[in-house]
Amino acid sequence: MGPLSGVRVVEVASIGPGPFTAMLLADMGAEVIRVDRVPGSTEHDHAQADPAVDVVNRGRRSVAVDLKHPDGVATVLRLVAEADVLLEGFRPGVMERLGLGPEPCLAVRPSLVYGRMTGWGQDGPLAAAPGHDINFIAVAGALAGIVAGPGEPPVVPLNLVGDIGGGGMLQAFGVVCALLEARGSGQGQVVDTAMVDGAALLMTMICALRAAGRWPGQPGTNLLDGGAPFYGTYETSDGRYVGVGALEPRFYDALVRGIGLDPADLPAQHDRTQWPTTKERFAAVFHTRTRADWCALLEGTDACLSPVLDLDEAADHFHVRSRGAFVNDGGVLQPAPAPRLDRTPAAIAGPPPRPGQHTDEILVAWSHTPDEIARLHQVGAVA
């Protein structure tokens, strides 16, 4: 029922942001076929020890193919000939060397959207260099601003900025844009998604604040990086934390009064010279009560206070639970599909597949005869 129902995607198995893109498309109703490696083939096997818990691979079926075998490459090209999208996440040139680059794929499917996911992009001095999320967000200017406090080293923000936000989610957006265009033009194109580009794009609002003179200080002293006393985290008496986001004047007033202080006894909200002193006062007050006490007093009010929760706590939070933002599918806690569409809702289409779990089933459905499938097994091109 999802909005992408009827869209066929071939995903060449990779790690990190590529599978996240495929998961988003599958959640939205696309039929995603994951091309995994034949066990023991010369290609690197990206599968985890227990594929059943690798929920980023949910919602698709798997065919195991030896991409070093000419019949394996030919098999993938036959799948591509019936697909709307191909997703790959190798360094530049790898798919070309395998015989599965944009040229042969678009030759068999001129309307194909060819999604390429890399860290550095398809060109540029570092295009062929290795790297991971932290490298891409460091160069993009994002990592430098994520600090625990003034003068502190940058804090690694999980892999959310490069891999997920600037990578997988951005690629999903680009692929859907290209799909929409292809429906009118009948022509496919290559979507070059680079995590360094995506991380830079995520910094757009910070660039705007800098240009407006509202981001003048070193990391950890600005409006949204923990420098402001009204936008940050505070430890409570039980060693836990609350987050406050009282940016607007009336919310700031509600926060100050809510924690028992008098706004008249404090400097002006946006007097940056006094922010460190005000933060110290706030920190001392927050340390007098537990996280639960502060939430009972201020959560849901104009003070804009929320508990800082771990994943298990988040899934059980009253609002998150009411929204069903986390689900337990197949015995694994995981985020529910998002965003929510009221007429063509997204859904988890199934659990993560074992590599090669659906090889014969997929090949039959995608125009292979039983004799052809038997021969591919015999020569080791599929498994």
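Contact of the L223 side chain with the L247 side chain is registered, since non-hydrogen atoms from C-beta on lie closer than 4.5 Å. The closest side-chain heavy-atom distance from L298 to I259 is below 4.5 Å. Two residues are said to be in side-chain contact when any heavy atoms from C-beta on lie closer than 4.5 Å; V327 and Q334 meet this criterion. By the 4.5 Å heavy-atom criterion applied to side chains, D66 and V382 are not counted as neighbours. When side chains are defined from C-beta on, R60 does not count as touching L25, because their heavy atoms never get closer than 4.5 Å. Counting heavy atoms from C-beta outward, T193 and D197 have side chains that stay 4.5 Å or more apart. In this structure, Y234 and L305 have side chains that are not in contact, with every pair of non-hydrogen atoms separated by 4.5 Å or more.
Clustering of Ile, Leu, Val, Met, Phe, Trp and Tyr side chains at separations under 4.5 Å leaves V379 isolated, with no partner residue.
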Indicate every side-chain donor-acceptor pair of residues 72-83 with a distance under 3.5 Å to a residue at least two apart or in another chain.
residue : atom : partner : partner atom : Å
T75     : OG1  : D71     : O            : 2.7
R78     : NH1  : E372    : OE1          : 3.4
R78     : NH1  : E372    : OE2          : 3.0
R78     : NH2  : S367    : O            : 2.6
R78     : NH2  : E372    : OE1          : 3.4
E82     : OE1  : R8      : NH1          : 3.1
E82     : OE2  : S367    : OG           : 2.5

Expected list for residues 339-350: side-chain donor-acceptor pairs under 3.5 angstrom, two or more places apart:
residue : atom : partner : partner atom : Å
R340    : NH1  : R323    : O            : 2.8
R340    : NH2  : R323    : O            : 2.5

Please list every donor-acceptor pair under 3.5 Å in which a side-chain atom of residues 144-159 meets a protein atom from a residue at least two apart or in another chain.
residue : atom : partner : partner atom : Å
N159    : ND2  : D163    : OD2          : 2.9

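Judged by the 6.0 Å distance and 45° axis criteria, R210 is not positioned over the aromatic ring of W215.
In this structure, D293 CG and T290 OG1 are separated by 3.0 Å, a value rounded to the nearest 0.5 Å.
Residues satisfying the salt bridge (charged side-chain N to carboxylate O under 4.0 Å, His left out) test with R240, not counting sequence neighbours, are E313. H270 meets the ring pair (Phe, Tyr, Trp, His ring centres under 6.0 Å) test with F230; sequence neighbours excluded.
Using a 4.0 Å cut-off between charged side-chain N and carboxylate O, R321 and D316 make a salt bridge. Between R354 and D36 there is no salt bridge, since none of the side-chain N atoms of the basic residue sits less than 4.0 Å from a carboxylate O of the acidic one. In this structure, D371 does not pair ionically with R375, as no charged nitrogen and carboxylate oxygen lie closer than 4.0 Å.
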